[in-house]
Number of protein chains: 2
Amino acid sequence: MESSSARSGGSTRREATRQKLYEAAVTLIAEQGFSATTVDEIAERAGVAKGTVYYNFASKSVLFEELLRHGVGLLTASLKDAAEGTARAGGGKVDALDAMIRAGLVFIDRYPAFTQLYVAELWRTNRAWQSTLMVVRQEAVAVVEGVLREGVAAGEFSDEIDVQLTAAALVGMVLVAALDWKSFQPERSLDDVHAALSRLLQGRVSGRV
Amino acid sequence: MESSSARSGGSTRREATRQKLYEAAVTLIAEQGFSATTVDEIAERAGVAKGTVYYNFASKSVLFEELLRHGVGLLTASLKDAAEGTARAGGGKVDALDAMIRAGLVFIDRYPAFTQLYVAELWRTNRAWQSTLMVVRQEAVAVVEGVLREGVAAGEFSDEIDVQLTAAALVGMVLVAALDWKSFQPERSLDDVHAALSRLLQGRVSGRV
DNA sequence: TGATTTGAACTGACTGGTCAGTGCAAAAAT
DNA sequence: ATTTTTGCACTGACCAGTCAGTTCAAATCA
C-alpha cells in the first residue's frame with residue numbers, strides 16, 4: 001500500500017516536475033496566451049524534456065486546466081482565511097471585506113501571471129476548459145458573496161444591495177486596480193494600494209476631508 | 001479630382017467589407033482568442049474570400065490592431081459625451097462619474113464581445129500590438145482620471161484619493177460587474193445594474209437603509 | 001445608345017512552415 | 001526493480017500569407 005519513502009501528498013519527484021511545469025506554463029501563457037504558447041517552450045523553460053510533459057499530463061489542455069484549478073484553489077483558500085481571521089478577531093463584516101481585499105492584493109502581488117491569465121480566460125466561451133473555469137470562479141466569488149450575505153443578515157449592510165452583482169464589482173475593483181498597479185506603478189507598496197481601495201469601498205471618495 | 005460617384009469618407013465597398021471583417025473578427029477572437037482564431041474562419045464568417053482579408057489588411061495582427069483602435073475609439077467618445085453632458089446640465093462631478101458608469105454599461109451591453117477581447121489582451125506583455133493597446137487604454141482611462149481630478153480641484157472629492165488607482169478601480173468595477181451581468185444574468189435590465197453600481201460607488205453599502 | 005476599356009476589389013488553390021502529440025530505447029533516480 | 005525522465009526522430013494536421021486569375025461597375029469611346 002504505502003509506496004516509497006517519506007511522502008506528504010504524492011510521489012515527491014513527480015510532484016516537483018509538475019510544479020516546475022506549472023510555473024513555466026503560467027508565465028508563458030500569461031504573456032502570450034494559450035494557443036500561442038507551445039509545449040516545446042513550456043518544456044524548455046521548465047528545464048525538462050518534452051516527453052516528460054506528456055508523461056505527467058495527458059495533453060496541453062489538461063496541463064492548463066489543472067493549472068487553473070491549482071491557482072484558484074490557492075486564492076479561494078486565502079480569501080477564506082482572511083474572512084475567518086477577522087471573524088475570530090471579533091471584527092465585523094466590513095473588516096472581513098477589507099481583509100479579503102488585502103488578501104486579493106497579496107495574491108495578485110505574488111502570482112501576477114496567474115491572475116493575468118485567469119482574467120484573460122474567464123469570460124471566454126467555446127473553450128475546452130470553460131466548465132472548469134466556471135466552477136472554480138464560483139468557488140472564489142462565493143466567498144465574497146457569503147460575507148456580503150452575512151453582513152446583510154446581521155444588519156451591517158443595507159438589505160438593498162445586490163449581493164451577486166456587488167461581489168462581482170468588488171472583485172473587479174481589486175482585480176483591475178491590482179493589475180494596473182503591477183503593470184504601471186510597480187514601485188508602490190501594497191499598503192498604499194490597499195489604503196486607496198479601502199477608501200473607495202467605504203465611500204470616502206465624495207465628501208471633503 | 002473627385003473620383004467615382006458620391007462618397008463620404010472612403011470607397012464605399014471597401015469600407016463595407018472592412019466593417020464586415022471587424023464584426024466577424026471581434027466575436028471569433030472574443031470567443032477563442034487571437035491565436036486560436038484562423039483567418040479562414042474570419043473570412044468565412046464575414047462571407048468573404050480569404051484573399052480579401054489580405055487585400056484589406058496587411059496581416060492578421062494589423063486587422064486586430066485596427067479593430068482595437070476602432071473599438072476603444074467608440075468607448076472613449078462615449079465616455080467623453082457622458083461627462084460633458086452632465087457638465088452642460090449643471091451637474092457635479094459625482095453626476096459625471098455616474099453618467100460615465102452608465103455609458104460604460106451601455107457600451108458593454110452593445111459590444112460585449114469587444115469588451116471581452118479587450119480585457120483579455122489588456123495586461124498581456126510581449127505581444128505585437130502591446131503599444132497600440134497602451135495608448136488606446138490611456139485615452140479611455142484618462143477621461144475618468146480627468147473627472148476625478150476636476151472633482152478634487154473643485155473640492156467635491158477628497159484630495160486624499162489616489163486619482164490613477166481610483167480610476168482603474170472604477171473601471172474594473174464596471175467592467176467586471178458588466179461582464180458578469182452579460183455572462184450570468186443577462187435577463188437583468190441595465191437600469192438595475194446601474195443602480196447597484198451607483199449604490200456601491202456612493203458608499204451606501206455599509207450603513208443600514 | 002450600346003460597345004469597350006480600365007482598375008479596384010475580390011477569389012481560392014497552393015506553399016512553406018509550425019506544432020501537438022507519438023514512439024521508443026537508454027539513462028537516471030529512488 | 002520500478003518509476004520517472006531523457007532525447008530525438010517522426011507524422012499528420014493545420015494555418016498565415018501569396019499570387020495568378022476573375023468580376024464588375026464606372027468611365028470612356030463611337
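Here is the naming used below: chain letters follow the sequence lines, and residue numbers restart at 1 for every chain.
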Only one of L63(B), V26(B), L117(B) forms a side-chain contact (heavy atoms from CB on, under 4.5 Å) with L68(B), so which one is it?
L117(B)
Against M100(B), only a single residue in L170(B), L79(B), V174(B), V171(B) fulfils side-chain contact (heavy atoms from CB on, under 4.5 Å); can you say which?
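Going through the options one by one, the only one that passes is L79(B).
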Please state whether the base of dG17(D) and the side chain of K50(B) form at least one donor-acceptor pair under 3.5 Å?
yes
Euclidean distance, atom [atom1] of residue [X] to atom [atom2] of [N] [Å, nearest integer]:
X: R18(A); N: dT4(D); atom1: CZ; atom2: P; value: 11 Å
X: E41(B); N: dG17(D); atom1: CD; atom2: C1'; value: 16 Å
X: E44(B); N: dC15(D); atom1: CD; atom2: P; value: 12 Å
X: E15(B); N: dA8(C); atom1: CD; atom2: C1'; value: 15 Å
X: F64(B); N: dA16(D); atom1: CZ; atom2: P; value: 14 Å

Does [N] have its OP1 or OP2 closer than 4.0 Å to a side-chain nitrogen or oxygen of [X]?
X: T12(A); N: dT30(C); value: no
X: Y55(A); N: dT5(D); value: no
X: R13(A); N: dT4(D); value: no

Quick check on K20(B): does its NZ atom have over 12 non-hydrogen neighbours (other residues, nucleotides or ligands) under 6.0 Å away?
yes
Do NZ/NE/NH1/NH2 and the carboxylate oxygens of R18(A) and E66(A) come within less than 4.0 Å?
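Judged by the 4.0 Å cut-off on N to carboxylate O distance, R18(A) and E66(A) do form a salt bridge.
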Tell me which nucleotide among [options] gets nearest to the side chain of [X].
X: T52(B); options: dT6(D), dT11(C), dT4(D); result: dT11(C)
X: K60(B); options: dC10(C), dA20(C), dG17(D); result: dG17(D)
X: Y54(B); options: dA20(C), dT4(D), dA16(D); result: dA16(D)

Taken in chain and number order and not counting sequence neighbours, the residues that satisfy ring-ring contact (aromatic ring centres under 6.0 Å, His included) with Y22(B) are F57(B), H70(B)
Quick one: on DNA chain C, does D40(B) or T17(B) contact a more 5' nucleotide (nearest heavy atom)?
T17(B)
Where along residues 20-37 of chain A does a heavy atom come under 4.0 Å from DNA chain C, residue by residue in number order?
T37(A)
Side chain to side chain donor-acceptor pair (under 3.5 Å) partner of T37(B), the single match among R45(B), Q32(B), K60(B):
Q32(B)
Contact class for V48(B) (heavy atom, under 4.0 Å): base, sugar-phosphate, or nothing?
sugar-phosphate
Reckon T38(A) touches a base, only the sugar-phosphate, or nothing at all at heavy-atom distances under 4.0 Å?
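T38(A): backbone/sugar contact only, no base atoms under 4.0 Å.
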Going by the salt bridge (Lys or Arg N to Asp or Glu O under 4.0 Å) test, which pairs reach into residues 180-194 of chain A, not counting sequence neighbours?
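Residue pairs with at least one partner in residues 180-194 of chain A: R102(A)-D191(A), D109(A)-K182(A), D180(A)-R137(B), R188(A)-D192(A), R188(A)-D162(B).
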